[in-house]
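All heavy atoms count here, side chains included; hydrogens, waters and symmetry mates do not.
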Amino acid sequence: PQIQDLLPKIAKFIAGAMSVRQVAFWVRCQATAAFDFAYAILGPASNGPVSGLRLNGAGLKSGNVIFRSPKGSLAEQNFPIRNLQPLYELGIERVLPIQRGNDVLGFLGISGEPDGNWSVEDEQFLLSLSSQMSHLILTHELSQDLLISKEWDSFNQCASFVLHDLKNLATVQSMTLENAEHLHDNVDFVADAFATFNHTTDQMINLIASLSVRRGQFSLKQQPINILEVISHTFDELKIDQRNGLSIHTEFPPMENLPAIRGDPDLLRKAFTNVILNAIQSLPSGEGEVDVVVFQDDADTITTSIRDTGCGISPDRLESMFRPFRTTKENGLGIGLCHTRSIIEVHGGEVRIKSQLNAGTTVEIDLPANTAR
């Protein structure tokens, strides 16, 4: 469990065990070297806002020590906390540093003990509690560090692939420009150069777009959508009618008979672009057939089937095709299908793949129909 989930239980336990009215926690913020307020059970003595704490220049000496917040008896500059005003405002009377050796991880503040006296058992109880909480906070910090480290590792791995692909595309454009110095009067070369720049630019745009969606992190523009319109726009963006050697067969029901779905048209276009582009790129030399069929077997689901006659996927690779950085393409990133599934799932749908090596692949996308008219 997260530390934020445990602090209320710990505070309630302390309040009950020691018969105190107020229990407050401050936990170290690694980014600012301050101690952010984390949780409190506040009693009637509190009369101000809850804020963070900072150590003074001297910090804390080694060892666990219980400090009583000064009320005229202890000079403020000798206290381990720089600004005592937050403690005064909350009515906190005693402060226990939660530390590991000289490393201060947080503070526990309490007040409202009924008799105003502390026994040796009370101090031992709090010192033991401080030790246990230091383990808890360190574990939390380490888990956060590990999570951030994993995120950066994933980002760096993905970024390295992106930079490599972008560098290759930029190299193609650079070579074309070099040749233009000598062949700019050649009509055939100029036509080919324009086609090359158009193609490589499209690839760059698709590459960058494929990185713009992360699993589980979507801002949906929920609106009624006709899936046939989404597919039509996808065909336009991919310039399907301009691709030589490609034969597209479609089987669609009448648009007015197909129930709408609710979702984000931009995200769904990205999903269908990934799948249809994969189908086209699987065709040998870009020549072959792609069938796109939309049907509704039941009232609740609209299915889109995209079948190609391309190279297919081997059974051992098929199992991991939805994982990031898994691809059958020589220079691919392996993130398109991962993002596609994330987009479809956040719309309440499902993606399935069936494939046979050297015989083609079929991708089926189910999306929930919005049957309310």
Side-chain angles (χ1 to χ4, degrees), residues 206 210 223-315 317-319 321-322 328-329 336-373:
N206 289 334
S210 68
Q223 63 187 65
I225 303 169
N226 191 300
I227 200 63
L228 299 182
E229 293 180 353
V230 172
I231 295 174
S232 176
H233 289 150
T234 302
F235 283 177
D236 292 340
E237 291 176 356
L238 293 176
K239 299 178 175 62
I240 293 295
D241 56 350
Q242 299 178 19
R243 294 179 181 269
N244 295 327
L246 173 63
S247 177
I248 292 282
H249 302 284
T250 61
E251 185 178 333
F252 299 158
M255 186 173 293
E256 62 274 11
N257 293 344
L258 195 65
I261 65 172
R262 288 196 62 82
D264 189 316
D266 294 332
L267 287 179
L268 288 173
R269 277 199 296 271
K270 288 181 181 180
F272 281 96
T273 295
N274 285 336
V275 177
I276 295 174
L277 193 57
N278 281 347
I280 295 172
Q281 291 175 342
S282 73
L283 302 176
S285 302
E287 298 182 354
E289 297 181 359
V290 174
D291 298 335
V292 182
V293 180
V294 177
F295 58 93
Q296 186 178 13
D297 277 345
D298 58 66
D300 298 324
T301 304
I302 298 173
T303 301
T304 303
S305 172
I306 301 167
R307 184 187 68 84
D308 63 66
T309 58
C311 58
I313 306 170
S314 62
R317 290 191 174 186
L318 190 61
E319 294 181 359
M321 286 306 296
F322 286 119
T328 59
K329 304 174 186 176
L337 282 177
C338 176
H339 286 170
T340 295
R341 183 174 68 173
S342 298
I343 292 171
I344 298 303
E345 286 182 349
V346 83
H347 282 84
E350 180 185 1
V351 183
R352 299 181 297 277
I353 296 183
K354 296 180 288 185
S355 186
Q356 185 175 348
L357 199 59
N358 300 319
T361 301
T362 300
V363 177
E364 292 184 342
I365 298 175
D366 290 343
L367 287 167
N370 181 19
T371 54
R373 296 279 183 161

Would you say Gln356 has more than 12 foreign heavy atoms packed within less than 6.0 Å of its CD? no

Please enumerate all residues that pass salt bridge (Lys or Arg N to Asp or Glu O under 4.0 Å) together with Asp266, with sequence neighbours excluded. Lys221, Arg269

For Glu350, all residues meeting salt bridge (Lys or Arg N to Asp or Glu O under 4.0 Å), sequence neighbours excluded: Arg352

Among all residues two or more places apart in sequence or in another chain, which pass the side-chain hydrogen bond (donor to acceptor under 3.5 Å, both in side chains) test with [X]?
| X | answer |
| --- | --- |
| Ser232 | none |
| Thr303 | Asp366 |
| Ser282 | Asp308 |

Can you tell if the side chain of [X] reaches within under 4.5 Å of the side chain of [Y], non-hydrogen atoms only?
| X | Y | result |
| --- | --- | --- |
| Leu258 | Phe252 | no |
| Ile240 | Ile280 | yes |
| Asp291 | Ser305 | no |
| His347 | Leu268 | yes |
| Asn278 | Thr361 | no |
| Val351 | Glu345 | no |
| Gln296 | Pro253 | no |

If you round to the nearest 0.5 Å, how far is [atom2] of [Y] from [atom1] of [X]?
| X | Y | atom1 | atom2 | value |
| --- | --- | --- | --- | --- |
| Asn358 | Thr309 | CG | OG1 | 11.5 Å |
| Ile365 | Ile344 | CD1 | CD1 | 4.5 Å |
| Phe235 | Thr273 | CZ | OG1 | 10.5 Å |
| Phe295 | Thr304 | CZ | OG1 | 8.0 Å |
| Ile306 | Thr250 | CD1 | OG1 | 12.0 Å |
| Arg307 | Glu289 | CZ | CD | 6.5 Å |

Closest approach of [X] and [Y], non-hydrogen atoms and distance?
| X | Y | answer |
| --- | --- | --- |
| Gly310 | Leu283 | N-CD2, 3.7 Å |
| Val346 | Ile343 | CG1-O, 3.1 Å |
| Ala260 | Pro224 | CB-CB, 4.3 Å |

List for me each residue that meets side chain to side chain contact (heavy atoms under 4.5 Å, CB included) alongside Glu229, sequence neighbours excluded, and say none if there are none. Asn226, Met255

